[in-house]
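What follows is a set of notes on a single structure, which appears directly below.
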Amino acid sequence: MSAMPMLAEGAIVVLDDNDKLDENHKDRIIGFVFVEPLAKPQGSQLQRWILREIRKQYRFRSPTANEGAPASLSAWKQMALTPTPARATWGAIPSQGLWVAGATYVVAQATPVIPAAGVVPTPTFPRRQAIIAHTLASPSPPSPPPRVGRASPVTDMQQRPTYTPQIVIGDYVLRQLGQQRGYCFGDLVVQNHGQDTFFESSEYALLGPGYLGAGSAQAGTTGLDAGKTVHQNASQFHAFVMECYVPGARYEVIGCNYYHGAGHPPEWFL
């Protein structure tokens, strides 16, 4: 069976999977995703994430009937713009509001590609032009030049003057149904604009035959776990894909636009 997209369509619940580090965090809801198919390119998706916290490992599952996860894009946007009534119960009733100060909102485009030797696929960043248009229209202090390349989740983030959250940095593995079903690699690009932070990351995923979209009911719970550091950049991960790609596999390139700030993301970013 051919691999499905990395994420299933519709609403997805994101759980903290750092139970080896802290048993108190096991099964705690830390985010939601809403995924829509795109007409072009064929097989691509637009993913919208809201994460209360950035953790090192994650699990994904489908929402239960009682969780009230958004069933439409309009419902999703309303929840994302509404402050949560109580931080301690965040995510328990999404319809009451999902935004909390310091949360991270991500809009990502996942595009399937056929790997070609020596040609690292270029991601599409779905909000890049909107960010440029809106930040240039509003005067702000000079921004530092973009930082491009792989970042260490420990040393590099500690060295930055402000915390820059990112879902995937470096090598990750995808596990479901008791098996390792895929690999993911994340590079980092950072651009700060005034008091709010907009930045980008490129991700690449190789999904083996039989992979089920994370968040689908048939997949159960899918883990996204930090793996051993093997690849230093996207070119090295692409070379790995060229070695391992087989019929039925799926190779995705994902362009992620992030917003991280005290107030909810601007409506044009949603």
Side-chain angles (χ1 to χ4, degrees), residues 2-7 38 40-47 49 54 56-58 106-129 131-132 143-160 164-175 180-192 198-209 211 214 222-258:
S2 296
M4 297 172 64
M6 183 174 171
L7 297 182
L38 293 174
K40 294 181 180 179
Q42 185 175 3
S44 59
Q45 295 177 328
L46 191 67
Q47 307 168 358
W49 300 63
I54 297 292
K56 192 174 182 181
Q57 301 190 152
Y58 308 86
V106 188
V107 183
Q109 179 171 325
T111 305
V113 293
I114 302 299
V119 182
V120 178
T122 301
T124 298
F125 296 99
R127 294 295 184 266
R128 175 181 281 178
Q129 293 307 313
I131 291 170
I132 292 172
S143 299
R147 172 181 177 142
V148 181
R150 184 176 184 277
S152 163
V154 177
T155 58
D156 285 4
M157 283 191 174
Q158 290 177 344
Q159 291 168 5
R160 295 198 188 98
T164 303
Q166 183 178 331
I167 301 172
V168 174
I169 302 176
D171 291 284
Y172 275 68
V173 294
L174 287 150
R175 306 181 193 276
Q180 185 170 309
R181 292 283 187 92
Y183 303 87
C184 187
F185 178 81
D187 262 355
L188 181 71
V189 181
V190 174
Q191 177 70 62
N192 293 325
F198 295 99
F199 58 101
E200 300 174 341
S201 73
S202 304
E203 297 176 9
Y204 305 84
L206 175 63
L207 311 169
Y211 176 86
T222 298
L224 180 63
D225 302 332
K228 182 183 297 185
T229 300
V230 177
H231 308 102
Q232 297 299 320
N233 52 51
S235 295
Q236 291 182 7
F237 184 80
H238 182 75
F240 166 75
V241 171
M242 291 300 303
E243 294 176 1
C244 300
Y245 188 87
V246 296
R250 180 182 174 96
Y251 184 26
E252 286 187 359
V253 56
I254 308 160
C256 305
N257 286 113
Y258 287 72

| query | With sequence neighbours left out, what residues match Gln180 under side chain to side chain donor-acceptor pair (under 3.5 Å)? | reply | Arg175, Tyr183

| query | What pairs of residues pass the salt bridge (Lys or Arg N to Asp or Glu O under 4.0 Å) test when at least one of them lies in residues 233-251, not counting sequence neighbours? | reply | Arg250-Glu252

| message | Checking Arg181 now: which residues fulfil side chain to side chain donor-acceptor pair (under 3.5 Å) with it, not counting sequence neighbours? | response | Gln176, Gln179

| message | Show me the pairs that pass salt bridge (Lys or Arg N to Asp or Glu O under 4.0 Å) and involve residues 107-118, at least two apart or across chains. | response | none

| Between SG of Cys256 and CZ of Phe199, what distance do you get to the nearest 0.5 Å? | 10.0 Å

Check residues 115-127 and write down every donor-acceptor pair under 3.5 Å in which the side-chain atom is one partner and the other belongs to a residue at least two apart or another chain.
residue, atom, partner, partner atom, Å
Arg127, NE, Phe269, O, 2.9
Arg127, NH2, Leu270, O, 3.4

| query | Short question: side chain of Gln45, backbone of Leu7 - any donor-acceptor pair under 3.5 Å? | reply | yes

| message | Please enumerate all residues that pass side chain to side chain donor-acceptor pair (under 3.5 Å) together with Glu203, with sequence neighbours excluded. | response | none

| With sequence neighbours excluded, residues passing side chain to side chain contact (heavy atoms under 4.5 Å, CB included) with Ala249 | Leu206, Pro209, Tyr245, Val246

| message | Testing the basics here: between Ala226 and Lys56, what is the closest heavy-atom pair and its distance to 0.1 Å? | response | CB-CE, 3.8 Å

| At their closest point, which heavy atom of Gln232 faces which heavy atom of Thr229, and how far apart are they? | NE2-CG2, 3.7 Å

| task | Flag the pair His238 / Phe185 as yes when their ring centroid distance falls below 6.0 Å, and as no otherwise. | result | no

| field | For Tyr211, all residues meeting ring pair (Phe, Tyr, Trp, His ring centres under 6.0 Å), sequence neighbours excluded | value | none

| query | Tell me, do Asn257 and Val106 make a side-chain contact under 4.5 Å, heavy atoms counted? | reply | no

| task | Can you see which heavy atom on Tyr204 is nearest to which on Ala234, and at what distance? | result | CE1-CB, 3.5 Å

| Nearest-0.5 Å distance, CG of residue Leu224 to SG of residue Cys184 | 6.0 Å

| query | Closest heavy-atom contact between Ile169 and Tyr172? | reply | O-CE1, 3.7 Å

| said: Test your reading of the model: is there a side-chain donor-acceptor pair from Asp171 to the backbone of His231, 3.5 Å cut-off? | reply: yes

| field | Note, Tyr258 side chain near Ser201 side chain (heavy atom, < 4.5 Å) | value | yes

| remark: Residues passing the side chain to side chain donor-acceptor pair (under 3.5 Å) test with Thr111, sequence neighbours excluded, are Gln109

| request: To the nearest 0.5 angstrom, please state how far the OG atom of Ser235 sits from the CG atom of Asp187. | output: 8.5 Å

